[in-house]
Amino acid sequence: TFDGLHNVRDLGGVPLEQGGETEYGAVLRGETVANLTAIVDLTLSRIVTLEREQIGLLKALGYGNFAIAAHYIKFVAIIVVVGVGIGSAAGTWLGIYITGLFGEFFRFPFLIFSNSPDIYLTAALLSAAAAVAGGVRALREVVNLAPAVAMQPPAPARFRHVLPPA
């Protein structure tokens with residue numbers, strides 16, 4: 001379902017312990033920065049499409065393109081901060097756990113997990129840059145529209161006659 005993206009998985013349909021299963025399209029996972037950019041672009045594009053009329057109204061009331069784009073970039077920044085926090089905590093915990101497993105399995109006299117702040121900072125900056133790139137890609141279409149055009153629903157992607165002409 002994700003053309004051009006490698007190793008992106010929709011984790012919908014996974015059984016849950018309390019019964020039921022995860023919803024399709026709600027949980028995605030990818031392994032590269034390009035995937036992160038595309039997922040942010042996809043998610044923000046859907047949000048912006050749903051809020052297109054409100055964006056047009058804001059533009060008609062005098063809000064500029066930069067103010068509107070900054071609002072959505074703040075939303076992306078919140079997602080990045082939460083993601084970096086969860087990723088850092090989970091990565092540290094998994095790193096300590098896997099280091100212990102390696103030490104036991106290979107019977108090393110000692111094996112120390114080392115977490116350098118440089119790695120966390122680099123990962124956070126890379127994630128932020130990728131997310132903002134995806135956000136900008138999603139926003140560039142709608143912020144360039146005139147207010148009257150933005151307040152209308154988008155035209156269908158392709159128009160064709162379903163029934164033969166009378």
So CD of Glu104 and OG1 of Thr99: to nearest 0.5 Å the spacing works out to 11.5 Å

Separation between CG of Leu145 and CE of Met151, rounded to the nearest 0.5 Å:
11.5 Å

Begin from the C-alpha positions of Leu44 and Phe75 and carry the test side-chain contact (heavy atoms from CB on, under 4.5 Å) through to its verdict.
CA-CA 9 Å; Leu44 200 58; Phe75 175 67; 3.9 Å; yes

Close side-chain approach of Val40 to Ile79, heavy-atom, < 4.5 Å
no

Count I, L, V, M, F, W, Y as connected when their side-chain heavy atoms are under 4.5 Å apart, and connections chain through other members. Are Ile47 and Val136 then in the same cluster?
yes

Give a yes or no on this: more than 12 heavy atoms of other residues, nucleotides or ligands lie within 6.0 Å of atom OH of Tyr63.
no

Looking at residues at least two apart in the chain, or sitting in another chain, which of them share a side chain to side chain contact (heavy atoms under 4.5 Å, CB included) with Tyr97?
Leu101

Could you tell me the separation between the CD1 atom of Ile73 and the CD1 atom of Ile78, rounded to the nearest 0.5 Å?
12.0 Å

Can you confirm whether Ile68 sits close enough to Leu139 that some side-chain heavy atom of one is under 4.5 Å from a side-chain heavy atom of the other?
no

When you look at Ile96 and Asn115, which way does the side-chain contact (heavy atoms from CB on, under 4.5 Å) test go after all the steps?
CA-CA 9 Å; Ile96 292 168; Asn115 56 349; over 6 Å; no

If I compare all heavy atoms of Val84 with all of Ser127, which pair ends up nearest, and what's the gap?
CG2-CB, 4.4 Å

Within a reach of under 6.0 Å around CZ of Phe113, are more than 12 heavy atoms found that belong to other residues, nucleotides or ligands?
yes

Between Lys59 (side chain) and Val143 (backbone), is there a donor-acceptor pair under 3.5 Å?
yes

Roughly how far, to the nearest 0.5 Å, is CD1 of Ile119 from CG of Leu121?
11.0 Å

Does a side-chain heavy-atom distance below 4.5 Å link Arg52 with Val48?
no

If you group Ile, Leu, Val, Met, Phe, Trp and Tyr whenever their side-chain heavy atoms sit less than 4.5 Å apart, what else falls in with Phe66?
none

Ser45 and its side chain to side chain donor-acceptor pair (under 3.5 Å) partner, picked from Thr43, Asp41, Thr49
Asp41

Do Val81 and Leu126 land in one hydrophobic cluster if side-chain heavy atoms of ILVMFWY residues count as linked below 4.5 Å?
no

Under the side chain to side chain contact (heavy atoms under 4.5 Å, CB included) rule, collect the residues that match up with Ile98, sequence neighbours excluded.
Phe102

Do Gln54 and Glu51 have side chains that get closer than 4.5 Å, going by heavy atoms?
yes

